[in-house]
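Below is one structure; the comments refer to it alone.
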Amino acid sequence: MIEQLLAEKTREALQWLYGASVSTISFEKTNPDFSGDFTLVVFNFLKISKKKPEDTASEIGNYLKTNVVEIAEFNVVKGFLNLVIADSYWLNFFASIKGKSLIYSQVPANAPVVMVEYSSPNTNKPLHLGHVRNNLLGFSVAEILKSAGNKVIKTNIVNDRGIHICKSMLAWQKWGNGETPDSTGIKGDHLVGKYYVLFDKHYKSEVLNLKLEGFSEEDAEKNAPLMLEIKDMLLKWEQGDKEVRELWKKMNGWVYKGFEVSYKMMGVDFDKTYYESNTYLLGKNIIDNGLASGVLKRREDNSVFIDLTADGLDEKTLLRSDGTSLYMTQDLGTALQRYEEEHFDKLIFTVANEQDYHFKVLSLILNKLGYHWAKGLHHLSYGMVELPEGKMKSREGTVVDADDLMEDMINTAAATTKELGKVENLTEEEAAHLYKTIGMGALKYFLLKVDPKKKMLFNPAESIDFNGNTAPFIMFNYVRVQAMLSKATEAGIYNESDMVSEKINLLPKEKELIIKLFSFTPTLLQAANEYSPALIANYVYDLAKEFSQYYHDTPVLKEENMELKTFRLHLSKTIGVAIKTSMKLLGIEVPERM
RNA sequence: GAUCCCAUAGCUCAGCUGGAUAGAGCAACGGUUUUCUAAACCGUAGGCCUUUGGUUCGAAUCCAAAUGGGAUCACCA
């Protein structure tokens with residue numbers, strides 16, 4: 001590409017002018033306040049040139065101008081060498097991408113295998129806003145990696161067992177009166193969640209009573225009758241007690257039905273679903289091997305641990321004294337299982353940053369145990385979504401429910417659309433689809449435009465915006481393009497196969513837009529490298545914003561010069577493709593009209 | 001107590017691989033529509049980039065410390 005060429009030639013220039021060889025040379029985009037496309041900062045070369053910054057820049061500029069045909073002119077400001085690339089270069093580039101897909105539509109045969117795990121819900125409560133961030137992030141990262149040429153396997157591990165699951169079960173058994181999703185009309189995951197909250201309420205009051213009787217907090221929590229019952233239930237589950245298992249299957253079934261609806265609404269899916277009830281016993285053979293090799297040690301009470309104090313961490317227990325396994329043990333086991341199944345090059349865990357420590361330890365242990373593939377593990381750690389009053393807690397009911405929020409967004413989209421009078425000529429079905437596209441798009445973009453690692457604040461009192469740096473704005477610009485194209489096609493002045501003239505004088509904005517298209521691929525690759533949909537979100541917003549300005553100032557259909565009109569139509573079309581493609585990387589659909 | 005993450009306009013965020021006068025959106029104020037969709041466009045106002053030191057020709061950006069906020073450090077998941 002042009003930047004490599006410039007770097008190459010600059011290296012030559014330095015060799016020719018000053019007899020020095022410099023290995024790394026990089027150009028940057030010229031600051032908009034100055035004229036030029038690429039800028040070379042020459043301060044680094046003053047030691048070799050032994051000349052003033054201005055002179056050094058001029059000399060290099062002169063060399064480049066005579067040796068690189070693509071450079072139309074250059075200017076020097078202090079130590080900055082600004083190069084202006086000829087319009088013909090940009091037009092050629094534009095002609096080369098016009099009408100083409102900007103991403104890998106087919107994964108190369110020898111592509112790296114990347115497993116992306118995300119979602120990982122518990123089956124004791126419905127999804128909330130934090131889960132939505134997780135789901136959208138995981139899905140988008142998977143799309144980005146796919147488009148950047150990886151073979152991606154999306155996986156979900158469902159936490160379908162354990163003491164927290166028993167809580168909903170026990171509460172339903174005690175106080176449910178046989179309620180079902182059908183009998184109540186409540187979505188299955190919400191119904192189960194209701195009993196999870198109910199359990200906690202009763203349990204808390206039991207603990208409080210015991211404390212009033214003089215128990216310590218710890219003893220009260222341990223000895224509350226409900227806690228004893230729960231432990232008993234978990235034991236029965238583990239022993240395969242028929243009644244408990246039946247109840248478990250029934251209630252999980254309700255939850256899965258509910259999740260299916262939420263997943264569908266979010267537009268996420270999975271290639272493989274694992275269930276913790278099938279995998280929670282994995283990992284023990286790893287422990288045996290670790291003990292044999294001496295990496296793991298056994299305590300006197302028979303529990304097994306690894307000493308990580310030399311790495312600045314703690315001793316981590318991997319097997320209880322009764323021989324049963326722990327969260328970490330399971331995760332070691334599932335990681336190995338996945339490697340054996342898929343031989344992944346990378347395994348990405350989309351999990352909130354409260355588990356940073358866990359994943360650090362997980363990788364470290366696997367490395368110490370000598371699994372070479374452990375280097376491919378990556379914790380895609382994202383910040384929590386917080387409310388103005390702090391962290392969301394399902395047990396206490398202080399959550400923004402995913403289903404409610406999605407419904408709200410779609411309703412707002414519907415109201416706004418109607419208010420703007422944009423529903424004429426739409427069937428009811430089309431209108432409903434449009435509201436969903438806009439509402440869900442706004443939500444997705446809102447969550448994805450922020451750097452994943454940063455925690456984010458959601459204020460339910462201020463609903464998510466539909467103006468400005470939002471998905472509806474980006475969609476709107478896509479829709480404008482489509483409107484223009486269909487008019488032009490009808491009028492017979494637009495064909496996909498039209499040639500674009502190379503002799504056009506580009507407007508500054510047109511050049512900017514082409515350069516923006518030019519940076520699509522580097523942006524995609526960077527996003528794939530950093531697992532950051534936010535980079536794509538920012539890119540597509542910039543593109544849409546620049547197009548919006550261009551659209552406002554520049555006639556397209558009304559342009560009388562045919563060559564210009566054709567060029568502008570194709571430029572608009574290509575920008576539309578870039579918008580649609582970028583949004584798809586975010587898991588956002590764009591409407592054809594709105 | 002230890003470790004990790006974060007700190008940029010009133011609010012929500014870009015800017016990270018050191019570069020020229022730190023950018024958007026929202027909110028506020030003013031303007032633009034007989035002209036390709038105004039969910040738009042243009043303008044005004046808004047900044048000790050938390051603080052202090054260091055590295056450098058050059059620091060919002062790199063390093064160190066302090067302050068403030070968050071998370072984690074279970075034989076819970």
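Each chain gets a letter, A, B and so on, in the order its sequence line appears, and its residues count up from 1. Just the heavy atoms: all of them, side chains too, but no hydrogens, waters or symmetry mates, feed the values below.
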Checklist line | Base of B:rA20 and ring of A:Phe34 stacked, centres under 5.5 Å, planes under 30° | finding: yes
Notebook entry, point to check: Is a side-chain donor-acceptor pair under 3.5 Å present for A:Gln526 with A:Tyr539?
Noted result: no
Check: When rounded to the nearest Å, what value does the distance between P atoms of B:rA45 and B:rU35 take?
Finding: 32 Å
Notebook entry, point to check: Touch check for A:Asn302, heavy atoms < 4.0 angstrom, all strands: base, sugar-phosphate only, or nothing?
Noted result: nothing
Next item on the list: Could you tell me whether A:Glu490 and A:Lys487 make a salt bridge, using a distance below 4.0 angstrom between a side-chain N and a carboxylate O?
Entry: no
Item checked: Side-chain N or O of A:Arg320 closer than 4.0 Å to phosphate OP1/OP2 of B:rA74 -> no
Item checked: Rounded P spacing from B:rG18 to B:rC63 in Å -> 11 Å
Margin query: Is a donor from one side chain sitting under 3.5 angstrom from an acceptor on the other, for A:Asn159 and A:His164?
Written below: no
Item checked: Base B:rA39 to side chain A:Lys422, donor-acceptor N/O within 3.5 Å cut-off -> yes
Next item on the list: Name the pairing partner of B:rC16, where a pair is Watson-Crick or G-U wobble with both distances under 3.5 Å, or state none.
Entry: none
Note to self: Tell me whether the ring of A:Phe80 lies stacked over the B:rG19 base, given a 5.5 Å limit on centroids and a 30° limit on the plane angle.
What the structure shows: no
Next item on the list: With heavy atoms under 4.0 Å as the rule, sort A:Ser548 into base, sugar-phosphate or nothing.
Entry: sugar-phosphate
Margin query: Side chain of A:Glu354, heavy atoms from C-beta onward: which of B:rU21, B:rA39, B:rU72 has the nearest atom to it?
Written below: B:rU72
Note to self: Tell me the interatomic distance from A:Met456, atom CE, to B:rA14, atom C1', rounded to whole angstroms.
What the structure shows: 14 Å
Checklist line | Whole angstrom value for the distance that separates C1' of B:rU72 from OH of A:Tyr357 | finding: 9 Å
Notebook entry, point to check: Reckon A:Phe446 touches a base, only the sugar-phosphate, or nothing at all at heavy-atom distances under 4.0 Å?
Noted result: nothing
Next item on the list: Quickly work out the A:Asp451 CG to B:rC16 C1' distance and round it to whole Å.
Entry: 9 Å
Notebook entry, point to check: Quantified in whole Å, what is the P atom distance between nucleotide B:rA39 and nucleotide B:rU44?
Noted result: 24 Å
Next item on the list: Decide, applying a 5.5 Å centre-distance limit and a 30° plane-angle limit (both strict), whether A:Phe43 stacks on B:rG19.
Entry: yes
Next item on the list: Output the single nucleotide from B:rC36, B:rG70, B:rA39 whose closest atom is nearest the side chain of A:Lys455.
Entry: B:rG70
Next item on the list: For A:Val450, report the nucleic acid contact type (base, sugar-phosphate, nothing); a contact means any heavy atom under 4.0 Å.
Entry: sugar-phosphate
Notebook entry, point to check: Roughly how many Å is it from CZ in A:Arg161 to C1' in B:rC76, rounded to a whole number?
Noted result: 11 Å
Note to self: Any strand counts, and the cut-off is 3.5 Å on both contacts for Watson-Crick or G-U wobble. Which nucleotide pairs with B:rC4?
What the structure shows: B:rG70
Check: Could A:Glu592 and A:Lys580 be called an ion pair, given the rule that one side-chain N must be under 4.0 Å from one carboxylate O?
Finding: yes
Next item on the list: Give one of base, sugar-phosphate or nothing for A:Leu420, where a contact means two heavy atoms less than 4.0 Å apart.
Entry: base
Note to self: Return whichever of A:Asn159 or A:Ala534 has its heavy-atom-nearest nucleotide of RNA chain B closer to the 5' end.
What the structure shows: A:Ala534
Check: Roughly how many Å is it from CD1 in A:Ile464 to P in B:rC13, rounded to a whole number?
Finding: 12 Å
Notebook entry, point to check: When you check the phosphate oxygens OP1 and OP2 of B:rG25, does a side-chain N or O of A:Lys545 lie under 4.0 Å from one of them?
Noted result: yes
Notebook entry, point to check: Looking across every strand, which nucleic acid part, if any, lies under 4.0 Å from A:Thr554 by heavy atom: base, sugar-phosphate, or nothing?
Noted result: base
Margin query: So, does A:Gln549 get its side chain near the phosphate of B:rC42, meaning an N or O under 4.0 Å from OP1 or OP2?
Written below: yes
Notebook entry, point to check: What integer distance in Å separates A:Asp356:CG from B:rG70:C1'?
Noted result: 12 Å
Check: Are OP1 or OP2 of B:rA14 and a side-chain N or O of A:Lys454 less than 4.0 angstrom apart?
Finding: yes
Next item on the list: Using the six-membered ring of A:Tyr382, assess whether NZ or CZ of A:Arg133 lies under 6.0 Å from its centre and within 45 degrees of the ring axis.
Entry: no
Notebook entry, point to check: Can you find an N or O donor on one side and an acceptor on the other, under 3.5 Å apart, linking the side chain of A:Thr417 with the base of B:rA39?
Noted result: yes
Margin query: At 4.0 Å (heavy atoms only), tell me whether A:Asn82 reaches a base, stays on the sugar-phosphate, or touches nothing.
Written below: base
Item checked: Check: A:Asn124/A:Ser168 side-chain N/O donor and acceptor closer than 3.5 Å -> no
Next item on the list: Please work out if A:Leu457 contacts a base, only the sugar-phosphate, or nothing of the nucleic acid, heavy-atom cut-off 4.0 Å.
Entry: sugar-phosphate
Note to self: Could you identify the nucleotide paired to B:rA9, looking across every strand shown and requiring Watson-Crick or G-U wobble geometry with both distances under 3.5 Å?
What the structure shows: none
Item checked: 5' precedence on RNA chain B between A:Leu319 and A:Glu28 (nearest-nucleotide basis) -> A:Glu28
Next item on the list: Using a heavy-atom cut-off of under 4.0 Å over every strand shown, decide if A:Pro53 touches base, sugar-phosphate, or nothing.
Entry: nothing
Check: Quick one: is B:rC26 close enough that its OP1 or OP2 comes under 4.0 Å of any side-chain N or O from A:Asn467?
Finding: no
Check: Reckon A:Phe473 touches a base, only the sugar-phosphate, or nothing at all at heavy-atom distances under 4.0 Å?
Finding: sugar-phosphate
Check: Does any donor atom in the side chain of A:Arg299 or A:Ser321 lie under 3.5 Å from an acceptor atom in the other side chain?
Finding: no
Notebook entry, point to check: Are A:Asp160 and A:Ser277 linked by a side-chain donor-acceptor pair shorter than 3.5 Å?
Noted result: yes
Next item on the list: Provide the distance between the two C1' atoms, one in B:rA14 and one in B:rG54, to the nearest whole Å.
Entry: 28 Å
Notebook entry, point to check: Choosing from B:rC36, B:rA71, B:rA77, which nucleotide comes nearest the side chain of A:Tyr327?
Noted result: B:rA77
Next item on the list: May I have the distance from A:Lys453 (atom NZ) to B:rC16 (atom C1'), rounded to whole angstrom?
Entry: 7 Å
Next item on the list: Spell out yes or no: do the side chain of A:Thr39 and the base of B:rA20 have one donor N/O and one acceptor N/O closer than 3.5 Å?
Entry: yes
Check: Taking the C1' atom of each, how far is B:rG10 from B:rC5, in whole Å?
Finding: 26 Å
Next item on the list: Can you tell me, in whole Å, how much space there is between the P of B:rG30 and that of B:rU52?
Entry: 39 Å
Next item on the list: Please measure how far the C1' atom in B:rU56 lies from the corresponding atom in B:rA2, and state the result in whole Å.
Entry: 34 Å
Notebook entry, point to check: What is the base-pairing partner of B:rG30, counting Watson-Crick and G-U wobble geometry with both distances under 3.5 Å?
Noted result: B:rC42
Next item on the list: For B:rU67 versus B:rA27, give the span between their C1' atoms, rounded off to a whole number of Å.
Entry: 30 Å
Check: Quick one: do the A:Asp37 and A:Thr30 side chains pair a donor with an acceptor below 3.5 Å?
Finding: no
Next item on the list: Nearest whole angstrom, please: distance from the C1' of B:rA77 to the CD of A:Glu238.
Entry: 13 Å
